[in-house]
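Note on naming: letters A, B, ... go to the chains in the order of the sequence lines (proteins, then strands), and numbering restarts at 1 for each one. Computation of the quantities below employed the complete heavy-atom set of this structure, encompassing side-chain atoms and omitting hydrogens, waters and symmetry-equivalent molecules.
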2 protein chains.
Amino acid sequence: MFATPVVSVQSQVHHRLSQSTMADKAEIQEAIKTQGEVVRKLKAEKASKDQIDEEVAKLLALKAQLGGDEGKHTFVLKTAKGTRDYNPKQMAIREKVFNIIINCFKRHGAETIDTPVFELKETLTGKYGEDSKLIYDLKDQGGELLSLRYDLTVPFARYLAMNKITNIKRYHIAKVYRRDNPAMTRGRYREFYQCDFDIAGQYDAMIPDAECLKIVYEILSELDLGDFRIKVNDRRILDGMFAVCGVPDEKFRTICSTVDKLDKMAWEDVKNEMVNEKGLSEDAADQIGGYVSMQGGKDLAERLLQDPKLSKSKQACAGLTDMKQLFTYLELFQVTDKVVFDLSLARGLDYYTGVIYEAVLSQTVPASASTGAEQNGAAAGDEAGVSVGSVAGGGRYDGLVGMFDPKGRKVPCVGVSIGIERIFSIMEQKAEASSEKVRTTETQVLVASAQKNLLEERLKLTTELWNAGIKAEVLYKKNPKLLSQLQHCEETGIPLVAILGEQELKDGVVKLRNVASREEVDVPRLNLVDEIKKRTL
Amino acid sequence: MFATPVVSVQSQVHHRLSQSTMADKAEIQEAIKTQGEVVRKLKAEKASKDQIDEEVAKLLALKAQLGGDEGKHTFVLKTAKGTRDYNPKQMAIREKVFNIIINCFKRHGAETIDTPVFELKETLTGKYGEDSKLIYDLKDQGGELLSLRYDLTVPFARYLAMNKITNIKRYHIAKVYRRDNPAMTRGRYREFYQCDFDIAGQYDAMIPDAECLKIVYEILSELDLGDFRIKVNDRRILDGMFAVCGVPDEKFRTICSTVDKLDKMAWEDVKNEMVNEKGLSEDAADQIGGYVSMQGGKDLAERLLQDPKLSKSKQACAGLTDMKQLFTYLELFQVTDKVVFDLSLARGLDYYTGVIYEAVLSQTVPASASTGAEQNGAAAGDEAGVSVGSVAGGGRYDGLVGMFDPKGRKVPCVGVSIGIERIFSIMEQKAEASSEKVRTTETQVLVASAQKNLLEERLKLTTELWNAGIKAEVLYKKNPKLLSQLQHCEETGIPLVAILGEQELKDGVVKLRNVASREEVDVPRLNLVDEIKKRTL
């Protein structure tokens, strides 16, 4: 994303040295040696560029601490690995996307909450299965042991239990943190936004679940990202399927996470992992293979309820009956054209207990974006092009809140998370490709002058405009050239210029110029605010 | 804020134990003994309730790890110390406050950026003087050493240097982190929002500085928090004053931070700290005392330029000349009624190089809020009541970006940070005191029915409304009572109910009910959207 020049700053380094717990030069030199070894080893192993960069950065930091040659210490000017700054253009796009999403959440009557960026470490423990290793911990500096939130769902469940809330419809938009392998060109970061919408409460089956899918449908349609599909499945159907196919109980979870890879891997490879890595019998794997290739709608749910093998599982039947009901509501919500009941959808997280879903765009990935670290992952295409992967996902998790409640009281929940970073990436690419310029300010008018010594008059007029609620700018120069004032408007998209001169001041008027058309007209100063408002509706 | 029940969850603890690096029971028991000692010691020392709570929490967590008695392990259900959740009501207030602030920033032509929540540790090193000990570090889990951002100013400077930006007017609203002693009743947290507005670039003196003060003035006026004052001073005036009063060079910073306490401590105590703790001569302290009691406007700057002692300092003269200029612009901006040139204003941070300022409310603190940990700090009142402390602050920092630039190139900057958490606290208290109910959703209409078996019709109508952009809700029950549907409207402030019944369906109408007036009217279904829009403008 950004260049990472190597920088030398003496005071910086001096400070570090004096604070350092590794004040002993020998110790630092030893550390440098070790780091150097690591770098050589990585290079020998043809490790990723990222990894080498990271180790080199450590090496340079250590060298800086050593402070050998006077005043020429080095540190790396960059953001943390897997994170990025948002520049004003990106922020303008982000604001647009958030507005669409928040409007949708509000249209569905949602409130919003916020929780701290870190939780007690134990709050996150035992919620994410194998992914727990990706949690960022804070250093123990005395006091509580803390971790950065990994998603917004566990903090939500903690919030409900702590405040004894039994029903709420809320959205939460905030950043979450995962020490994952970043693939930034494809919108995968270590710090990224989640936009979550969840409905907690004991209600009649499948109504809130259907509303979550309606919301995904509305948001993806309004964002205008091209065609998409929403895959739906149910954990109970998956578990029932595993049972009737002969998967031992203790292997449900691990087989489930292998099935989850079907959107990125061919069936042959998935089967291979099941049999050779996870020790499943070939026969069981083949039976699973028969089911996970099935896709359909309400009809498929009805057919599977008659399936001699699957219908033996009570769990599967419960899931399939609910699936039928879900599709009835989805028809009323007018979204069935994009929703597919897909038995290969598994989703990684441990806490789902019922319906699960995932939305994927069927857009073709541009060449530049398909060469990231996930290249192999994206190899499994569908007919409409190469899938850019999941842009929304969620499901029902009826047990999570109970894990936090003192008496284990359950609060049934269903929710959806919008994969906003991928959406940003796509919107940014669209903005790059489009000829339309993205404005990063909303300024309506620049207060300018063609003559010298009018700074005070410019500030006075600007004050009048600000006080009347007009978005106005003035250049911070005593005597700016008119040309540079007009250029500022062209560059930033300001549509109007209010020009003051000796003559205008004498006449009690302001020359109002339309930047695009270059038309100018004298407006009585008293009418200026109204005239600007009228022209910038 | 919230209750912190002690919770028992077996699976939780089981997981912890299996992951624990302290798997050895003996080791844990030893740790519990140590923790117990700490608690006893704290109690003996009459430590703050917070500290004891924290240690007790650690003790319970350790006990839970030990897992002595089957299935009855305990953990504490709470947010991290010094942090809080925002409930929907607090979020509604927060949104209102942010809207006012963001509108002001946009009115002044600002763009916005965002930076990651953590920075490389070395990016923050050497920027915060004594306060560096309050920085949160992340645990070293391999990879880079990271710290949570302490403010938004240093990340901004890093951003400018990294992207070689030499001028920008930007705002940034985000959370920052300080391992400070929290005083939550007074709005002081370990995780809190900052709202920063900064102008970077080489411009004519004091114009951007004056705009920052104009912005503080506008925001505090619009938020309607009662009377306020904005104190202004200049680091160069302070340094010049220290020099002519005989403070040794190496003591400037430390004496400066003592002067900074004048808003919370009486002069006698400040002098005492200077002389007895910081080793300043009594004579020098008295000379400082003469200056720091001075307050005024442009006139004071003019008078001090004639002061035989102070005018010997070139630095002080430069600061005073700029102060005069600043007041000229402030007059044009119509804000001098609230701005005071106050020689006692010092501000803690190291990086300021010129003008500094701080806004304080003159509102009386309600009894409930004045009993926090800062009780002593707030003892120094002013005539209009007890000051609730700073609600905005900032200044000029011309050297900070250069600390990050490879070639030390400077980018002059001036900015202001709005102390949003204190403002939230006040707004919340106001909302509590007011009879007006805070709405947490924007729902315009609830789709209801008085009869049974109309769920599908309700969902169909709701879909029509959503698709037309109306904010609509429907209860997730197959056959809800009309009364409970109306109650939901009363509780959440939904103004309209669209009631469906067999007769209405037959007639092609919907009964539209005004919740407040209880008036009902039949509206043709085709006109419903327009009618709702008209009534909820």
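A heavy-atom distance below 4.5 Å is not found between the side chains of A:T79 and B:Y159. No side-chain heavy atom of B:K139 sits under 4.5 Å from any side-chain heavy atom of A:D140. Within the 4.5 Å cutoff, side-chain heavy atoms of A:T328 are placed close to those of B:E456. You'll find the side chain of A:D114 stays beyond 4.5 Å of the side chain of B:Q90, heavy atoms only. Between A:N467 and B:K214 the shortest side-chain heavy-atom distance falls below 4.5 Å. Under the 4.5 Å side-chain criterion, counting only non-hydrogen atoms from C-beta, B:T443 is not in contact with A:H108. A 4.5 Å side-chain heavy-atom check between A:P88 and B:T112 finds every atom pair outside the cut-off. When side chains are defined from C-beta on, A:Y203 does not count as touching B:L475, because their heavy atoms never get closer than 4.5 Å.
Contacts between B:Q444 and chain A at a heavy-atom distance below 4.5 Å are absent for every atom of the residue. Within the 4.5 angstrom heavy-atom criterion, only side-chain atoms of B:L455, from C-beta onward, approach chain A. Residue A:I494: no heavy atom, backbone or side chain, is found under 4.5 Å from chain B. If you measure heavy-atom distances from B:L146 to chain A, the contacts under 4.5 Å come from the side chain alone. Only the side chain of B:E211 comes within contact range of chain A, with heavy atoms under 4.5 Å apart. With a 4.5 Å cut-off on non-hydrogen atoms, B:R179 touches chain A through its side chain but not through its backbone. Neither the backbone nor the side chain of A:K89 comes within contact range of chain B; no heavy atom of the residue lies under 4.5 Å from a heavy atom of that chain. Residue B:K175 touches chain A through its side chain alone, counting heavy-atom pairs closer than 4.5 Å. Contacts of A:V335 with chain B are absent, with no heavy-atom separation under 4.5 Å from either backbone or side chain. Neither the backbone nor the side chain of B:F105 comes within contact range of chain A, judged by heavy atoms closer than 4.5 Å. Contact annotation for B:V117: both backbone and side-chain heavy atoms come within less than 4.5 Å of a heavy atom of chain A. Heavy-atom distances place both the backbone and the side chain of B:A80 under 4.5 Å from chain A. With a 4.5 angstrom heavy-atom cutoff, A:E464 does not touch chain B via any of its atoms. Within the 4.5 angstrom heavy-atom criterion, only side-chain atoms of B:I199, from C-beta onward, approach chain A. Heavy atoms of B:Q202 lying under 4.5 Å from chain A belong exclusively to its backbone.
Counted by atom type alone, B:Y476 and A:K169 present one or more donor-acceptor pairs between their side chains at under 3.5 Å.
Annotation: maximal heavy-atom pairing with chain B below 4.5 Å, among A:Q334, A:E119, A:E331, occurs at A:Q334. When A:R170, A:E111, A:M206, A:R439 are compared by the number of non-hydrogen pairs under 4.5 Å with chain B, A:E111 comes out ahead.
We find the CZ-CG distance between B:F118 and A:L148 to be 6.5 Å, quoted to the nearest 0.5 Å. Expressed to the nearest 0.5 Å, how far CG of B:D85 lies from CZ of A:F156 amounts to 11.5 Å. Distance CD1/B:I102 to CD/A:E442: 10.0 Å, rounded to 0.5 Å. Atom CG of A:L459 sits about 6.5 Å away from atom CD1 of B:I207, to the nearest 0.5 Å. The CG atom of B:N163 sits 7.5 Å away from the CG atom of A:N87 when rounded to the nearest 0.5 Å. From A:L332, atom CG reaches atom OG1 of B:T462 across 10.0 Å, with rounding to the nearest 0.5 Å.
A:E95 and B:K106 are joined by a salt bridge, as a carboxylate oxygen and a charged side-chain nitrogen come within less than 4.0 angstrom of each other.
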* Derivation of the salt bridge (Lys or Arg N to Asp or Glu O under 4.0 Å) call for A:E144 and B:K78 -> CA-CA 11 Å; A:E144 301 159 333; B:K78 67 186 283 294; 2.6 Å; yes
* In sequence, state the C-alpha distance, the side-chain angles, and the governing distance for B:E191 and A:R149, and then conclude on salt bridge (Lys or Arg N to Asp or Glu O under 4.0 Å). => CA-CA 14 Å; B:E191 174 188 59; A:R149 62 183 164 210; 5.8 Å; no
